[in-house]
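The next block holds one structure in the form of structure tokens; read it before the comments.
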Number of protein chains: 2
Amino acid sequence: MPKLMIALDVLNREEALKIVNEVKDYIDAVKVGYPLVLSSGLEIVEEIKKICNREVICDFKVADIPETNRKIAEIALKYADGIIVHGFVGEDSVKAVQEVAKKFNKKVIMVTEMSHPGAIQYMQPIANKLAKMAKKLKVDAIVAPSTRPERLKEIKDIAKLPVMTPGVGYQGGKIEEIINILDENDYVIVGRSIYQSENPKDVAKKFKEKLNKNKTK
Amino acid sequence: MPKLMIALDVLNREEALKIVNEVKDYIDAVKVGYPLVLSSGLEIVEEIKKICNREVICDFKVADIPETNRKIAEIALKYADGIIVHGFVGEDSVKAVQEVAKKFNKKVIMVTEMSHPGAIQYMQPIANKLAKMAKKLKVDAIVAPSTRPERLKEIKDIAKLPVMTPGVGYQGGKIEEIINILDENDYVIVGRSIYQSENPKDVAKKFKEKLNKNKTK
């Protein structure tokens with residue numbers, strides 16, 4: 001079954017660590033972004049790993065020139081197991097991050113199409129090309145949207161790489177609609193539905209069970 | 001004459017503050033990115049302002065879903081005078097940052113086309129559309145490349161907004177080739193040529209003089 005990844009987009013160290021502690025038995029990976037890292041520092045990655053001993057990915061959506069991408073990766077990958085980069089800034093910018101990741105033996109995950117409505121304007125028209133580029137560059141995984149299952153399937157079919165798919169829950173993505181597209185190397189990302197709930201542990205458990213039971217073929 | 005902005009992409013607080021102190025008489029603005037902020041914390045913005053009393057812009061190239069963009073802007077604009085966002089992620093993501101900036105009375109600067117070679121792949125084909133979107137959304141300024149003067153001119157003509165143009169110096173952009181495109185509301189961004197030099201003060205002074213003297217019309 002696909003892995004469950006929590007998007008820990010809270011703004012407070014204590015809250016973040018409390019949630020990780022509650023959900024740790026039901027998650028396979030943690031995704032931290034700039035909201036948390038700017039509030040708490042990158043050391044939060046080590047603290048999370050200490051609590052749950054799971055893979056932690058920096059979702060920095062790195063989108064700069066190669067030189068700057070390289071510097072960001074050098075700092076982030078000292079702590080995290082992988083880093084999410086944008087593909088639309090071009091092959092050279094992605095390669096710069098891959099070179100750093102190789103040195104640290106860490107993962108590079110490349111965004112193709114995002115999950116929000118605005119992604120339809122400029123990202124969707126080039127997302128299949130980005131999926132091809134991801135395959136060619138042999139990144140470790142790609143990001144594709146759970147909010148558009150047909151796009152998720154198309155992009156995954158092109159890239160033939162593990163997928164991390166955001167948008168499940170609050171943004172409207174449904175596990176039932178994507179479960180048959182995914183396999184055990186893929187990650188389903190859930191954020192607000194877990195961390196904003198009254199009982200993150202129960203919600204994480206339910207998502208984990210859904211991932212386990214819902215495969216229909 | 002256009003303003004001189006230093007891109008302070010060093011990885012160390014002490015080094016950053018030392019350079020600001022050396023160049024403060026010749027620069028009009030400072031751009032800090034994630035390399036420095038991840039190493040030193042956002043408080044570095046306040047320290048820079050204390051030394052030079054100049055505008056400080058967070059070049060975070062924010063490129064996420066509206067909800068996450070909003071959170072990043074909320075944190076960054078507590079410190080900085082403006083924030084750089086990507087336009088290619090769509091109108092909704094840019095608007096989310098604009099809403100926060102309005103509350104703080106700060107600036108939003110939107111990237112159209114970047115200065116590195118990889119920007120030609122996916123960004124250049126949509127950069128004119130992004131320039132139109134920037135005009136429509138009334139962002140405070142746009143980013144366009146000094147490394148391609150003809151593109152800088154075209155994008156500026158479409159957006160009719162102040163431009164911050166990176167790529168001068170190390171990346172190959174030349175003040176002589178862009179000075180006639182720019183006016184006093186625009187910013188020329190110089191990074192490595194200043195901060196990697198033996199004498200940042202002298203180099204900054206020379207760039208400032210070039211901006212002052214080189215206008216030929």
Side-chain angles (χ1 to χ4, degrees), chain A residues 7 9-11 33-39 41-42 58-76 78-79 84 86-96 111 114-126 129-130 133 145 166-167 170-171 191-192, chain B residues 7 9-11 33-39 41-42 58-76 78-79 84 86-96 111 114-126 129-130 133 145 166-167 170-171 191-192:
Chain A
D9 288 326
V10 296
L11 299 173
Y34 280 126
L36 181 59
V37 168
L38 287 175
S39 311
L42 263 167
C58 277
D59 182 7
F60 286 176
K61 299 214 170 56
V62 188
D64 217 309
I65 62 170
E67 175 72 8
T68 307
N69 270 16
R70 188 175 297 122
K71 287 176 182 169
I72 294 171
E74 288 272 1
I75 302 169
K78 266 183 210 154
Y79 298 89
I84 296 182
H86 266 298
F88 80 94
V89 281
E91 211 170 294
D92 52 0
S93 289
V94 177
K95 278 184 180 169
V111 179
M114 287 166 70
S115 54
H116 66 301
I120 292 172
Q121 284 183 278
Y122 308 107
M123 300 195 78
Q124 191 173 86
I126 59 157
K129 277 189 203 170
L130 291 178
M133 183 173 92
Y170 221 90
Q171 290 187 62
R192 283 171 274 178
Chain B
D9 288 328
V10 296
L11 300 171
Y34 279 126
L36 180 59
V37 168
L38 288 173
S39 311
L42 263 167
C58 276
D59 182 7
F60 286 177
K61 299 214 172 56
V62 188
D64 217 309
I65 62 171
E67 174 72 7
T68 307
N69 271 17
R70 189 175 294 122
K71 287 176 181 170
I72 294 171
E74 287 273 1
I75 303 169
K78 266 184 211 154
Y79 298 89
I84 296 181
H86 266 299
F88 80 96
V89 281
E91 211 170 294
D92 52 1
S93 289
V94 178
K95 278 183 178 168
V111 179
M114 287 166 69
S115 55
H116 65 300
I120 292 172
Q121 283 183 280
Y122 308 107
M123 300 195 79
Q124 190 172 87
I126 59 157
K129 279 189 200 169
L130 292 178
M133 183 173 92
Y170 221 89
Q171 289 186 61
R192 282 172 274 179

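Quick note on labels: first sequence line is chain A, next is B, and so on, each numbered from 1. Please read these numbers as outputs of a predicted model, since none were measured by experiment.
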Exercise. With a 4.5 angstrom heavy-atom cut-off, which part of B:M123 approaches chain A: side chain, backbone, both or neither?
Worked result: both
Exercise. Which residues satisfy the salt bridge (charged side-chain N to carboxylate O under 4.0 Å, His left out) test with A:D59, sequence neighbours excluded?
Worked result: A:K31, A:K61
Seminar exercise, completed: Given B:L11, B:I72, B:D92, B:T68, the one with more heavy-atom pairs under 4.5 angstrom with chain A than any other is B:D92
Seminar exercise, completed: Most contact-rich option vs chain B, by heavy-atom pairs under 4.5 angstrom, among A:A119, A:P117, A:G33, A:A7, is A:P117
Seminar exercise, completed: Of the listed A:L38, A:I120, A:D9, the one with the largest count of heavy-atom pairs under 4.5 Å with chain B is A:L38
Exercise. For B:V111, is it the side chain, the backbone, both or neither that has a heavy atom under 4.5 Å from a heavy atom of chain A?
Worked result: neither
For this session: Look at the side chain of A:H86 and the backbone N and O of B:A63, then say whether any donor-acceptor pair between them is shorter than 3.5 Å.
Result: yes
Exercise. Ignoring hydrogens and geometry, is there a side-chain-to-backbone donor-acceptor pair from A:S39 to A:P35 under 3.5 Å?
Worked result: yes
Problem set entry | Interface moiety of B:R192 toward chain A, non-hydrogen atoms closer than 4.5 Å | side chain
For this session: Indicate yes or no: at least one non-hydrogen side-chain atom of A:D64 is less than 4.5 angstrom from one of A:V89.
Result: no
For this session: Select one option (side chain, backbone, both, neither) describing which atoms of B:I65 are under 4.5 Å from chain A's heavy atoms.
Result: both
Seminar exercise, completed: Looking only at A:V37, A:V62, A:V94, A:L130, most heavy-atom pairs under 4.5 Å shared with chain B are made by A:L130
Exercise. Between A:H116, A:M133, A:K71, A:R70, which shows the greatest number of heavy-atom pairs under 4.5 Å with chain B?
Worked result: A:H116
Seminar exercise, completed: All heavy atoms of B:C58 vs all of B:A76, minimum pair found to be SG-CB, 4.2 Å
For this session: If the plane angle is over 60° it's perpendicular, under 30° parallel, otherwise tilted; pick one for A:F60 and A:Y34.
Result: parallel
Problem set entry | Contact winner vs chain B - A:K129, A:Q121, A:K95, A:Q171, heavy-atom pairs under 4.5 Å | A:Q121
For this session: Quick one: list whatever passes salt bridge (charged side-chain N to carboxylate O under 4.0 Å, His left out) with A:E74, sequence neighbours left out.
Result: A:K103
